[in-house]
Structures are given as C-alpha cells and as structure tokens.
Amino acid sequence: MLFVANVFFLSPLHAKEIQDNLMDLFLKANKNYKKGAFYDSAKLYEEILHSGIKNGIIYYNLGNCYFKIEKLGKAIRAYRNAQLYLPRDEDLEANINYARQLTKDKIEGKNDFSIIKSLCFWYTLLSLKEVMLVFIFFNFLLWGMLIIKMFKENELINWLSYSCLIFFLIFGITLGVKWYVLNKMSYGIVTEEEILIRAGNSENSTVLFKLHDGTEFIIEGKEGDWYKIKIPDGKRGWVKKDFCEVI
C-alpha cells in the first residue's frame with residue numbers, strides 16, 4: 001500500500017516497476033543496516049524519500065542510521081519528520097529524547113505552543129490527518145444532531161448537540177493551530193559540529209554566539225544563502241544555509 005499509493009496515476013506496468021524498485025532499495029537499506037553499513041543504508045533511505053515517498057518508518061530508520069554514525073542533527077531531523085506520521089510511537093519518542101540529551105547546547109526556553117500542547121494532550125498524540133478526520137466526524141455528528149432536533153427535541157438530544165458542538169470547536173481550533181505550525185512555521189537544525197551565529201547575513205558580521213550539532217531553532221526569515229533564526233531562549237541571529245537543514 002505504501003508504494004502503490006504514490007504511483008496510483010501511472011500505468012499498472014510502470015507503477016509496478018517503480019514499486020518493485022523502491023521495495024528493493026528498502027530491503028537493501030535494511031540489509032546494510034544489519035551489516036553495520038549505516039552510511040550506505042542512510043543513502044538508500046534518502047533515495048527512497050527523494051523519490052516522493054513519505055513514510056514514518058523510513059524516516060525512523062534513517063534517523064537510526066544517522067544516530068549510529070554520530071550525526072545528531074541529521075538523526076533528530078529524521079526523527080522529527082517521522083513524528084508527523086508516527087505521533088504515538090514510544091520507541092521513536094525515546095530515541096529522539098535520548099538524541100537530544102546528547103547535544104552539546106542545553107538551551108532552556110518556552111515553546112510558543114507549550115500551553116496548548118499541555119492542556120490539549122491530543123495535539124501531540126494525533127497527526128494532522130487524524131485531527132482532521134476527528135474534526136470531520138464531529139462536524140457530521142453535529143449536523144446530524146441538529147437535524148434530529150428539528151423533529152424531536154428533549155433534554156438528551158440537547159445535551160448531545162451541545163457536546164458535539166464543544167468537540168467540534170475543540171478539534172477545529174486544534175486543527176487550525178496544528179496546520180499553522182506545520183505549514184506556516186519553519187524549523188531548522190544544526191547539522192555541523194559547530195557553527196557561528198552572526199548579527200547579519202554576511203561573513204563580516206559580528207559573531208554573536210556558537211551553536212553545535214543537533215541544536216534546533218525556528219527560522220524567522222531567509223535572505224540569499226542565510227537564515228534568520230531564533231533559538232528557544234529567545235536569542236536571534238543569522239546562519240548560513242550550508243550549516244543546517246530544514247525540518
């Protein structure tokens with residue numbers, strides 16, 4: 001299902017060839033991982049992802065490869081991408097937390113969406129697609145209750161209608177926030193051992209501070225080959241695109 005879904009509009013013969021090729025790459029990548037050839041395995045997983053396949057297991061395996069060769073930034077990036085598809089995977093959660101503990105920069109700060117994530121536990125437990133499906137479910141349920149109320153109204157019907165309305169609003173807000181975070185906010189991560197954060201988008205600009213492999217940040221702007229970034233403690237600066245990757 002994974003590979004067929006992405007080649008649906010191709011001819012059956014061509015689709016099968018692509019499916020077989022991608023499955024072959026996947027099996028080779030797994031085989032290389034078991035042999036300890038983690039770099040070669042990572043290259044194959046990257047090739048699958050570059051073909052247009054987006055899958056949590058592949059991102060998870062890629063993260064494990066990079067972790068084995070001590071590329072913390074690339075590992076965390078892959079794990080975070082895997083979380084979009086596997087939001088409740090305990091092994092994934094354990095791996096990303098452990099990788100973050102190994103990073104050199106211990107930067108404390110308040111996440112802009114920490115409150116809603118704490119109060120609305122389902123925000124992190126559900127993927128964007130799952131939140132959308134729940135929202136659609138309560139949307140249909142709400143309209144169904146309203147139609148029933150037109151013909152029959154009692155205390156139970158009223159209670160169910162108000163309950164559906166509350167859940168409809170809750171998941172509607174959750175969907176809006178989650179969509180905004182995933183589509184309008186840009187995140188990045190340091191993938192070099194050490195980089196310089198400057199006051200401007202120039203090699204001649206003053207160095208403000210240093211960051212190290214695996215440090216995550218928000219991308220607030222782009223100009224040429226530079227990103228304007230913000231780290232969790234609120235500090236801002238400019239970094240060259242070559243020294244980091246977008247999550």
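In this structure, Glu203 and Lys240 have side chains that are in contact, with non-hydrogen atoms separated by less than 4.5 Å. Counting only heavy atoms from C-beta outward, the side chains of Phe217 and Ile197 never approach each other to under 4.5 Å. Within the 4.5 Å cutoff, no side-chain heavy atoms of Phe243 are placed close to those of Thr191. At a threshold of 4.5 Å between non-hydrogen side-chain atoms, the residues Val181 and Tyr187 count as touching. Put simply, the side chain of Ile231 does not reach to within 4.5 Å of the side chain of Asp105, judged on heavy atoms. Within the 4.5 Å cutoff, side-chain heavy atoms of Tyr66 are placed close to those of Ile69. Side-chain contact between Trp122 and Ile170 is present, with heavy atoms from C-beta onward closer than 4.5 Å. For the pair Phe26/Asn55, no side-chain contact is recorded, criterion being any heavy-atom separation below 4.5 Å from C-beta on.
Taking a 6.0 Å sphere around NZ of Lys71, one finds it holds 12 or fewer heavy atoms contributed by other residues, nucleotides or ligands. In Phe209, the CZ atom is crowded: over 12 heavy atoms of neighbouring residues, nucleotides or ligands sit closer than 6.0 Å. With a 6.0 Å radius and a threshold of 12 heavy atoms from other residues, nucleotides or ligands, Glu70 has its CD atom at or below the threshold. Remark: Phe167 CZ is loosely packed, at most 12 non-hydrogen atoms of other residues, nucleotides or ligands lying under 6.0 Å away. Under a cut-off of 6.0 angstrom, the local environment of NZ in Lys241 is crowded, with over 12 non-hydrogen atoms contributed by other residues, nucleotides or ligands.
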Query raised in the report: Could you go step by step and tell me if Val190 and Leu72 meet the side-chain contact (heavy atoms from CB on, under 4.5 Å) rule?
Result: CA-CA 9 Å; Val190 178; Leu72 285 180; over 6 Å; no
Requested in this report: Verify side-chain contact (heavy atoms from CB on, under 4.5 Å) between Ile136 and Phe140, making sure each step is shown before the conclusion.
Outcome: CA-CA 6 Å; Ile136 293 173; Phe140 280 111; 3.4 Å; yes
Query raised in the report: Stepwise, does the side-chain contact (heavy atoms from CB on, under 4.5 Å) test hold for Asp91 with Tyr60?
Result: CA-CA 10 Å; Asp91 291 333; Tyr60 176 72; 3.6 Å; yes
Requested in this report: Evaluate the criterion salt bridge (Lys or Arg N to Asp or Glu O under 4.0 Å) for residue pair Glu193 and Lys104; output intermediate values, then yes/no.
Outcome: CA-CA 10 Å; Glu193 185 175 349; Lys104 187 173 181 178; over 6 Å; no
Query raised in the report: side-chain contact (heavy atoms from CB on, under 4.5 Å) between Thr103 and Ile76: does it pass, once the steps are laid out?
Result: CA-CA 10 Å; Thr103 58; Ile76 294 173; 3.9 Å; yes
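Criterion: ILVMFWY side-chain heavy atoms under 4.5 Å apart, direct or through other members. Under it, Phe138 and Leu165 are part of a common hydrophobic cluster. Follow the hydrophobic side-chain contacts under 4.5 Å out from Ile219 and you never reach Trp226; the two are in separate clusters. Cluster annotation: Leu175 is connected to Ile166 through the hydrophobic network of ILVMFWY side chains, with a link wherever side-chain heavy atoms come within less than 4.5 Å. Note on Ile229 and Leu196: separate hydrophobic clusters, where clusters join Ile, Leu, Val, Met, Phe, Trp and Tyr whose side-chain heavy atoms are under 4.5 Å apart, directly or indirectly. If you chain together hydrophobic residues whose side chains sit under 4.5 Å apart, Leu86 and Leu133 never meet in one group.
Taking the six-membered ring for Trp and thresholds of 30 and 60 degrees, Phe67 and Tyr98 have ring planes inclined between 30 and 60 degrees apart. Taking the six-membered ring for Trp and thresholds of 30 and 60 degrees, Tyr85 and Tyr59 have nearly parallel ring planes, at less than 30 degrees apart.
Separation of atoms NZ (Lys178) and OG (Ser127) is listed at 7.5 Å; rounding is to 0.5 Å. Atom-to-atom distance recorded for Ser41:OG and Lys68:NZ is 11.5 Å, nearest 0.5 angstrom. One finds the CD1 atom of Ile195 at 7.5 Å from the OG1 atom of Thr215 (value rounded to the nearest 0.5 Å). Distance CD1/Ile157 to CE/Met150: 14.0 Å, rounded to 0.5 Å. Separating the NZ atom in Lys31 from the NZ atom in Lys35 is a distance of 5.5 Å, to the nearest 0.5 Å. Taking CD1 of Ile58 as the reference point, atom CD of Glu46 lies at 11.0 Å (rounded to 0.5 Å).
A donor-acceptor contact shorter than 3.5 Å is absent between the side chain of Asn32 and the backbone of Ala37. A side-chain donor-acceptor contact under 3.5 Å links Lys106 to the backbone of Gln101. In this structure, Arg77 contributes its side chain and Val246 its backbone to a donor-acceptor pair below 3.5 Å. With Arg88 contributing its side chain and Leu125 its backbone, the two residues share a donor-acceptor pair below 3.5 Å. Between the side chain of Asp213 and the main chain of Gly73, a donor-acceptor pair closer than 3.5 Å is present. Side-chain atoms of Lys235 do not come within 3.5 Å of backbone N or O of Leu208 as any donor-acceptor pair. Here the side chain of Asn97 pairs a donor or acceptor atom with the backbone of Glu93 at under 3.5 angstrom.
Checked against Phe168 for a ring-ring contact (aromatic ring centres under 6.0 Å, His included), the options Trp143, Phe135, Phe137 give a single hit: Phe135. Partner Leu25 forms a side-chain contact (heavy atoms from CB on, under 4.5 Å) with one of Ile53, Asn30, Ile48 and no other, that one being Ile48.
The two atoms that bring Ala75 and Gly63 nearest to each other are CB-O, 3.5 Å, heavy atoms only. Closest approach of Ile218 and Met185 over heavy atoms only: CD1-CE, 4.0 Å.
The residues Glu223 and Lys228 are annotated as not salt-bridged, no charged nitrogen and carboxylate oxygen being separated by less than 4.0 angstrom.
Annotation: Tyr33 is in aromatic contact with Phe38 [ring centroid separation under 6.0 Å].
Sorted by first and then second residue, the side-chain hydrogen bond (donor to acceptor under 3.5 Å, both in side chains) pairs involving residues 156-172 (not counting sequence neighbours) are Lys149-Asn158.
In the model, Tyr79 has a side-chain atom that pairs as donor or acceptor with a side-chain atom of Asn64 under 3.5 Å. Side-chain contact, Trp238 with Ser205: no donor N or O sits under 3.5 Å from an acceptor N or O.
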